[in-house]
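Just the heavy atoms: all of them, side chains too, but no hydrogens, waters or symmetry mates, feed the values below. Just so you know, these numbers come straight off a predicted model, no measurement behind them. Residue numbering restarts at 1 for every chain, and letters A, B, ... go by the order of the sequence lines.
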Amino acid sequence: MSEIFPKWTNRLPLYLIIGALLVGGGVTAGVWYYFTPKYTRVGYEPIQPVGFPHSVHVDQLGMDCRYCHSTVEKSWYSNVPSSSTCMNCHNQVLKEDPRLALIRESAQTGKPVPWVQVHKVPDFVYFNHSVHVNRGISCVHCHGQINKMDEVYHAKPLSMSFCLDCHRNPAPNLRPKDKITQLDWNPHEHLPKDWGKKAVKEWNVNASQNCSACHR
Amino acid sequence: MKTIPPPCSEPLSGQRYWRSLDQLADSPEFQQWVEREFPAGASEFSDPIGRRHFIKIMSASFLLAGLGVTGCRRPEEKILPFGKAPENFIHGVAQFYATAMPTRGSAIPLVVKAHDGRPTKIEGNKDHPDSNGATDTFAQASILGLYDPDRSQRFTKGGNEVPREQAFDALKQLAAAVAANGGAGLAFLVERSSSPSRARLRDLIMQKFSKAQWIIYEPLHLEMNRTVAGNLAGQPLSPYYKLDAAKVILSLDCDFIGSEQDTYIHCRNYARGRKITKPTDTMNRLYSVEGLLTQTGMNADHRLRVPTTSALAVTAAIAAQIVDNPQVKALAGKFALPSNVKQEWIVECANDLKANQGASLVMAGYRQPGAVHVLANLINAALQNNGKTVLFLNTPQEAATGTITDLANGLRNGQVNTLVVLGGNPVLNAPADFDWKTLQRRAQNIVRLGYYEDETFPITDWHFPMAHYLESWGDARTADGTLVAIQPLIAPLFGGVTELEVLGVFAGLQSLRPYDIARETFGLLAGGDSSDVAWKKFLHNGFLANSAAAPVNAAFAPDKITSALNSAAAADLPAKEKLEIVFQRDYKIDDGRYNNNGWLQELPDPITKTVWDGLVLVSRVTAADYGVVNDDVVEIELNGRKIQGPIWIQPGLADYSVSLALGYGRQRSSTGGTGRVGDKVGLYNGYDLRTTASEHAAVGGKLRRTGAVYKVACTQEHGSMEGRPIIREATLEQFKKKPDFAKNMDLESHSDYVPKDPKTGFPVMIYEHPYKGFELRKGQSGVKLTGLKFASDIHQWGMSIDLNACVGCSSCVLACQSENNVPIVGKEQVYRNREMHWLRIDRYFSGAYDRAKPQLIDDPQVVNQPMLCQHCENAPCESVCPVNATVHDEEGLNVMAYNRCVGTRYCSNNCPYKVRRFNFFDYNKRQLGPKLYKNPITTVGDDGKWELARWWNDPASSSRPEDEWELSKLVKNPDVTVRMRGVMEKCTFCVQRIEGAKIAQKVKVGQSGDVRVPDGVITPACAQACPAEAIVFGNMLDPNSRVSQLKRQERDYTVLGFLDTRPRLTYLARLRNPNPKMPDYYETPLNIAEYEKREGGGEGGGYGGGHGEPNNPEAKPAAEKGIH
């Protein structure tokens, strides 16, 4: 019988299998890394219609988060302030500044400023701000150092595993109520070591890991 | 954000960049973008040579961006806050406003939940003195009517749209024209209303237009008892029934649970007289005399099945036993009783009433002629019930100048030339012998205020769109006379106007604003304090305190009694050749007004469990005589008029009596008809047959088979429990002898071979309890699970449903649908058993077991059981989900994660209670009907656009018509996911309310430990809507909570308990209270007799303690039983 196939084809299946494994592994690794919220969401910094710098307002001027995000303690939704809130100061400060033209127009006419949403959980997740804020979780844990941001970017992945990491062990993330909006305050420097554990026990903190807590 | 963001302009794609790279490279946006994306490479960008190199690299990524691969960014979504925020508005927190739903001559006090300025859920007003916070089915479904795309949205003249100002100007001119001759020729045709504002405007109008006619017309005269009482006493009187004070109740074709006015009050009071906690408690007893099987008859302890028109004879016979009036006794002798009525029945019923003087109650239904009502009043008076179980209230009632017959004559004679029709639909529902379509057109100027552009619409000159009550200012009076406010939850969506505005034009009011009109009325009625503070309090509470009418001593004029009794005419007894035709107030669409309401159309009728149809109900005997079976189309003829409809055999219906529904069989038409939902629903329209001679019931009908067949969709064809004790009941006597009868039935109690837990006496679980299993396994696997509390020691939820109280009204079904965004699926899908109701009411018939088989269903006993997810601890559904989409949470709930479900449907397969519903299609985004089946790849939409292209452009759009889609989104509850095709859903015990309450408690206490939600804070939608207070939900860990107390009762049992699923939902067994002296007395309820026969209960089955089975006198409370 004549040799139809050259000799190197004997090793072809082996190479194919090894190649497939490598490619499969590579694709898996790629998806594992690149397709997670940690990669796709962290760093997202959309251009806002009005360049509002939190660094100036919070860090320099010392405004509390809740001055603008006023419903964060009462509702699941933490509101972006209406233009009338901005005008509380900006009807005197920088009142002719062109950068604030959109705000002035909005407060005047009622037309909303089209802010681009940065932090969003999927529609099947029901996250409630008020219960977290009132029970000792600071803004910084999920939103990062907003007080240092010139424009808001997505600092944490806000994936389900991110939420579960805290829900599985809430003690290190708790802090006293009056320090919730102090984003520079590090609880580990100021609180005794077992403060968190004691708080969990005392306050009956039951960070539920069950589906019904968030998926309704 | 749970709202779908409005579509924003598409982000720049790589294709655009590809074309004009250099150009764009200079734009400031691009520079900004580059800086952000590549902070490292940004400096390279300003250098020209570096820029070229940069663009080369970028070009590849631009190409990919055009294909949508690079970046994988989610689409930009916008947040649009207010320019100027309104006060007290917090997005995400619902607002509640008190209002009321006007119901003919009464009202239901409501508190309506609003999200973002639009109403989403209707609840009752607990604070109102005559309400326990419950509603009826019509109130729950009325919110869908608000968002009905088929509503009238325009002012028209001669069918063409005109601006609002023009319509009002024309109205003012019309008013001026008729003012000239004192209103001669002016007639108002209005619906019945209890509104004092409207009455005040009526008085103003009648003063101005002394010759005008004010005609109040309702096709169903639910006010019959008021009319008769008023006639007898010579003053306007409203009978108010205190059913909770009555020990013996006799209903003379009075369906006070389902069809009369104020069913929400009657259900509550009746159930309060029915509930017991211990064997020494007393229960009321209900006798029912009726021809149709009504909800009241379903619940009766003794039911006499006679044709509707023969109720007069029975009433006279009973009255003769009680009332000492020779005319009454003569009347009894005059009328012949139907052959199946035993004299003993009459006598013993009368004796029972006599034995309970001052604590008995006789009620006559609206279908019955005046003589029956007079007799009922006489019996009540003779039994000293007046002032105790029946109060006569002096509530003001709007006076009419005549009836619709007078108006018809006026139109015929040409006396009426200006007709103002407010609401109603006379072309549809006026008696057929008037031929209202032609008759109404005789008036020269017809103005109509209509909610829909319906059958009356083409016969009008000026049409004004009506505002829904949720958009209106106004007022009303509830049954006890309390003044309630009607305040809007939203500005009229389509510029609708209220009755008050139209009447205000005629009354010549300064301000036509309904707010001003209602405010002025309040000022006149509030008595002492009518300040703004009092007005605000009135609006806040929803009612005016201490405004209930005082009962009066009603003295009936003897001559009125005599004349009423003289006019009593006996109807022929129906026979095969002259059938009795009875027109029923449909439990779903009322008199036809809710024809376009999808929720009500799809609500299974409480008696027949059919949907989307009007049926021709006949009894078994009638059907056998004519040789018809279910689904056969027959022709019914009455006085020369004919209709064709499908037969449905109804157990418990009187023989040779045919029950017809009103208001089906309508069509949608461009000139005027019903809407998209009601289009062609039902084969016949009962109004076609209904004449002045046969308003409610008439004898003389004929039936003829046509040979055609018509599919009727029924959600429960299985009418018998076949001897399985799914619903456990006993008579009161049996309960007294053996209080724990419910725990000693079915396999779980006949199981001496199963090992018992020594502590509780309950069989040891055959499955490993999920909570216990975890404890065992934790040590084994060495898994470290910090912070995980597997079984919460703060809350463990449970529910108890008292079958003694449940009357089967189905308010809970609609409340659940409203609260949880449960879709409707359409008749075809219901026919395939794909209805989506999370909560269903199972209705079973049981016949006397010692009769020959075919007659089993002639005089059935009926039982109702709400069936919803039982939240089993050993849930069969949880262990079979391949993707773990349904899990058990730490508080005992069986939870559904919709986003995980892949649609295997194994869970539904495994559920023994069959309470899981699967979304076979996308019922929200697709039009119901055959279009559900179309796939997007091969379908072209109605607008000619390819379905797939439409979806690609905007995944948030739907294939429904735009107006339907936009409005249907508004009624959804934002706290609950709207499920998509392919996902399983089921009752969640309103987990959104549970979580909301837990969160609110945590927010309230902040950083402290008191996180347990107090009892009564959480009420699932079904529990809140139930007028009989049958459903109770709460924390089983709290021994003092209502639910724990109920579960400790001896009547508590588990459905299908032998499966050892350990449900958190348990039922309290039903009790009947038959009278041992009655000829149809039964020692055992019929379905239990069937059970005993099947289980071979020669030794007394579950009741006599036979089988040598040790009873368990130390059964521990359910709270302990539930958690191991």
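Taking the side chain as every heavy atom from C-beta outward, B/V895 and A/N210 never approach each other to under 4.5 Å. At a threshold of 4.5 Å between non-hydrogen side-chain atoms, the residues A/L22 and A/I18 count as touching.
Each of A/H69, A/H119, A/H154, A/H132 was scored for a ring pair (Phe, Tyr, Trp, His ring centres under 6.0 Å) with A/H143, with one residue passing: A/H119.
For A/P81, the part sitting under 4.5 Å from any heavy atom of chain B is the backbone (N, CA, C, O) and nothing else. Contact of A/N79 with chain B is not made at all, since no heavy-atom distance falls under 4.5 Å. Neither the backbone nor the side chain of B/V978 comes within less than 4.5 Å of any heavy atom of chain A. Interface residue A/E73: only backbone heavy atoms are found under 4.5 Å from chain B. For A/R175, the part lying near chain B is the backbone, with the side chain staying farther off; criterion is any non-hydrogen pair under 4.5 Å. The parts of B/V1003 that come within reach of chain A are both its backbone and its side chain, each placing non-hydrogen atoms under 4.5 angstrom from that chain. With a 4.5 angstrom heavy-atom cutoff, B/Q992 touches chain A via backbone and side-chain atoms both. Using a 4.5 Å cut-off between heavy atoms, A/S208 contacts chain B through both its backbone and its side chain. Neither the backbone nor the side chain of A/V133 comes within contact range of chain B, judged by heavy atoms closer than 4.5 Å. With a 4.5 angstrom heavy-atom cutoff, B/Y898 touches chain A only via side-chain atoms. Both the backbone and the side chain of A/V80 come within less than 4.5 Å of a heavy atom in chain B. Of the atoms belonging to B/S1008, it is backbone heavy atoms, and not side-chain ones, that fall under 4.5 Å from chain A.
A distance of 6.0 Å or more separates the ring centres of A/Y126 and A/W76. For A/Y39 and A/Y33, the gap between ring centers is short of 6.0 Å.
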**Message:** Applying ring pair (Phe, Tyr, Trp, His ring centres under 6.0 Å) to A/H190 and A/W185, what does each step give before you reach the verdict?
**Reply:** CA-CA 8 Å; A/H190 299 269; A/W185 191 83; 4.9 Å; yes

**Request:** Report the C-alpha distance between B/K121 and B/N973 in whole Å, list the side-chain angles of each, state the deciding distance to 0.1 Å, and finish with yes or no for side chain to side chain donor-acceptor pair (under 3.5 Å).
**Result:** CA-CA 8 Å; B/K121 178 75 173 67; B/N973 182 354; over 6 Å; no

**Message:** side chain to side chain donor-acceptor pair (under 3.5 Å) for A/N204 and B/K1002? Distances and angles first, verdict last.
**Reply:** CA-CA 10 Å; A/N204 259 321; B/K1002 287 182 184 171; over 6 Å; no

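Highest contact tally toward chain A, considering only B/V93, B/V1005, B/D1010, B/N899, is held by B/N899 [criterion: heavy-atom pairs under 4.5 Å]. Looking only at heavy-atom pairs under 4.5 Å with chain B, the residue among A/G136, A/S130, A/A107, A/P114 that has the most is A/P114. Contact count against chain B (heavy-atom pairs under 4.5 Å) is highest for A/N134 among A/N134, A/I103, A/T85, A/V200.
A/H129 and A/F127 have perpendicular rings, their planes meeting at more than 60° on a 0 to 90° scale where under 30° would count as parallel.
With 3.5 Å as the limit, one finds no donor-acceptor pair spanning the side chains of B/Q1007 and A/W203.
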